[in-house]
Amino acid sequence: MISKKIITTNIAVIGGGSWATALVKILSENDVKIKWWIRNSDTVNFVKHFHHNPKYLSDVQLNMKKVKPETNIKKAIEGTDYVILAIPAAFLKEALKPLSKEDFKGRIVVSGVKGIVPSSNQLITDFMERQFAVPEEDLCVIGGPCHSEEVALEKQSYLTIGCKDFNNAIQFSNLLTCRYVKCNAMTDVYGIEICAIMKNVIAMLTGITHGLGYGDNFQAVLISNAMQEVKRYLDNTAPTNRDLFASAYLGDLLVTSYSNFSRNRMFGNMVGRGYSVKAMMEIIKHQDIDMPILKAVYHIMYDKISPAVEIQILKNLLK
């Protein structure tokens, strides 16, 4: 009997935070080799010696037979099949500065970044396509309700991979499937990215209302109205036959709005309790679409209107 040769997939993970750590853990459950780029050299040395990230998800023990930490980003993506971006959107440009179009040539780029590129307000896939000439069929996004803290605890989680090339989406979804993560595929890259941006803003508002003392009844109405806003926006900007009840959309919104692991919700809770804050993200503006929830967050974050006053106005607009 002739045994089949197992082909190992080579992956670069860019980022040293909790989500990057969670992705490294999930990926290492399968037959892969991971080069993990972390900016801080002390963290890289610590991971090499003690096999866990000292700053994020520190209880997660990593399989160092499959994981190679690296401070040089060019070396990290050299010879890889996939490059996974798992770094906050605000720091993406700076992190990728040493790289050129040639560095990404022939590689599938996967965005685990749930945000927009500052100053240009570009989606991550748009930025990678325009800045590094990555073809859209080689651009994937990770969506779905999946907190890194629960991955660390190996609680059952669900992810969705979006890619214009459905076969690429399926292939990468297989790499993120393991005993505690189920992963599926779809082609609605834009919808996944937009929902990821909007759900962060909405989660901030649920935190604000919680901090102001509004109860579960109001929050349920807020979330249902928020989902209608998401639908209105997507129907106007990229209409297609998408099921917004799917976990990549509604599921992601729910977990970010309700979970105590949600940093956006916790931040919003602090705002509602009266903490002063600076702007967190640039809200999509100049759209002729009815979006009172997103406007309320903008007014609180940018116009410094009292959260209590803004929510008082908003609650009369909800149905």
Side-chain angles (χ1 to χ4, degrees), residues 114-116 143-147 150 158 160 188 190-275 277 279-319:
K114 298 190 175 184
I116 55 176
C146 192
H147 281 310
E150 291 200 351
Y158 296 80
T160 299
D188 185 23
Y190 180 81
I192 293 173
E193 285 193 281
I194 289 296
C195 279
I197 295 168
M198 290 189 174
K199 59 100 179 179
N200 283 334
V201 179
I202 293 160
M204 289 168 65
L205 194 59
T206 61
I208 290 171
T209 56
H210 184 267
L212 289 169
Y214 287 84
D216 292 342
N217 294 340
F218 181 79
Q219 295 221 355
V221 173
L222 180 64
I223 296 302
S224 63
N225 276 258
M227 202 63 214
Q228 293 173 51
E229 283 198 18
V230 171
K231 184 178 187 307
R232 283 196 295 272
Y233 185 82
L234 287 174
D235 286 349
N236 275 269
T237 56
T240 189
N241 186 25
R242 60 172 64 86
D243 178 11
L244 287 176
F245 291 112
S247 61
Y249 312 111
L250 180 59
D252 203 6
L253 172 61
L254 289 174
V255 77
T256 310
S257 298
Y258 285 121
S259 175
N260 289 326
F261 288 132
S262 170
R263 293 168 183 79
N264 289 294
R265 184 182 188 279
M266 292 188 335
F267 173 80
N269 197 8
M270 291 170 61
V271 175
R273 292 180 184 275
Y275 287 72
V277 295
M280 290 297 291
M281 63 177 68
E282 182 67 25
I283 304 300
I284 301 170
K285 295 182 285 189
H286 310 305
Q287 298 282 353
D288 187 23
I289 305 169
D290 182 27
M291 304 178 75
I293 294 173
L294 292 184
K295 288 178 181 177
V297 177
Y298 181 86
H299 292 156
I300 293 169
M301 295 292 115
Y302 291 84
D303 297 336
K304 297 183 179 179
I305 294 180
S306 163
V309 171
E310 190 60 41
I311 300 304
Q312 186 69 28
I313 296 169
L314 176 65
K315 72 180 187 180
N316 293 321
L317 302 176
L318 301 181
K319 298 176 182 178

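Computation of the quantities below employed the complete heavy-atom set of this structure, encompassing side-chain atoms and omitting hydrogens, waters and symmetry-equivalent molecules.
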Between [atom1] on residue [X] and [atom2] on residue [Y], distance to nearest 0.5 Å:
| X | Y | atom1 | atom2 | value |
| --- | --- | --- | --- | --- |
| Glu310 | Ile300 | CD | CD1 | 5.5 Å |
| Lys199 | Ile194 | NZ | CD1 | 13.0 Å |
| Asp290 | Gln228 | CG | CD | 10.0 Å |
| Met227 | Ser257 | CE | OG | 10.0 Å |
| Thr237 | Arg232 | OG1 | CZ | 12.5 Å |
| Ile202 | Cys195 | CD1 | SG | 8.5 Å |

Heavy atoms only: give me the nearest [X]-[Y] pair and the separation to one decimal.
| X | Y | result |
| --- | --- | --- |
| Pro145 | Ser247 | CD-O, 3.2 Å |
| Asp188 | Arg242 | OD2-NE, 2.6 Å |
| Ala248 | Ile192 | CB-CG1, 4.4 Å |
| Gln219 | Thr206 | NE2-O, 2.9 Å |
| Gly191 | Leu234 | CA-CD2, 4.0 Å |

Go through the steps for Asp243 and Tyr249 under the test side chain to side chain contact (heavy atoms under 4.5 Å, CB included), then give the verdict. CA-CA 8 Å; Asp243 178 11; Tyr249 312 111; 5.5 Å; no
Does CG in Asn316 sit with more than 12 non-hydrogen atoms of other residues, nucleotides or ligands closer than 6.0 Å?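 Enclosed: over 12 neighbouring heavy atoms sit under 6.0 Å from CG of Asn316.
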Take atom CG of Asn217 as the centre, draw a 6.0 Å sphere, and report whether it contains more than 12 heavy atoms from other residues, nucleotides or ligands.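 Open: at most 12 neighbouring heavy atoms sit under 6.0 Å from CG of Asn217.
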Side chain to side chain contact (heavy atoms under 4.5 Å, CB included) between Glu229 and Met198, intermediate numbers included: CA-CA 9 Å; Glu229 283 198 18; Met198 290 189 174; 6.0 Å; no
Just to verify, what does [X] make a side-chain hydrogen bond (donor to acceptor under 3.5 Å, both in side chains) with, not counting sequence neighbours?
| X | value |
| --- | --- |
| Asp252 | Lys114 |
| Glu193 | Thr125 |
| Gln312 | Lys315 |
| Asn225 | none |

With sequence neighbours excluded, tell me which residues meet ring-ring contact (aromatic ring centres under 6.0 Å, His included) with Tyr190.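 With neighbours one apart ignored, the set is empty.
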With sequence neighbours left out, what residues match Tyr158 under ring-ring contact (aromatic ring centres under 6.0 Å, His included)?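 Partners of Tyr158 by the ring-ring contact (aromatic ring centres under 6.0 Å, His included) criterion come out as none, since no residue qualifies.
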Step by step, would you call Ile311 with Phe218 a side chain to side chain contact (heavy atoms under 4.5 Å, CB included)? CA-CA 11 Å; Ile311 300 304; Phe218 181 79; 4.1 Å; yes
Apply side chain to side chain contact (heavy atoms under 4.5 Å, CB included) to Leu314 and Leu222, showing your working. CA-CA 9 Å; Leu314 176 65; Leu222 180 64; 4.1 Å; yes
Check whether Ser306 reaches the backbone of Ala308 with its side chain - one donor and one acceptor, N or O, closer than 3.5 Å.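 Flag set: sc Ser306 to bb Ala308 pair under 3.5 Å.
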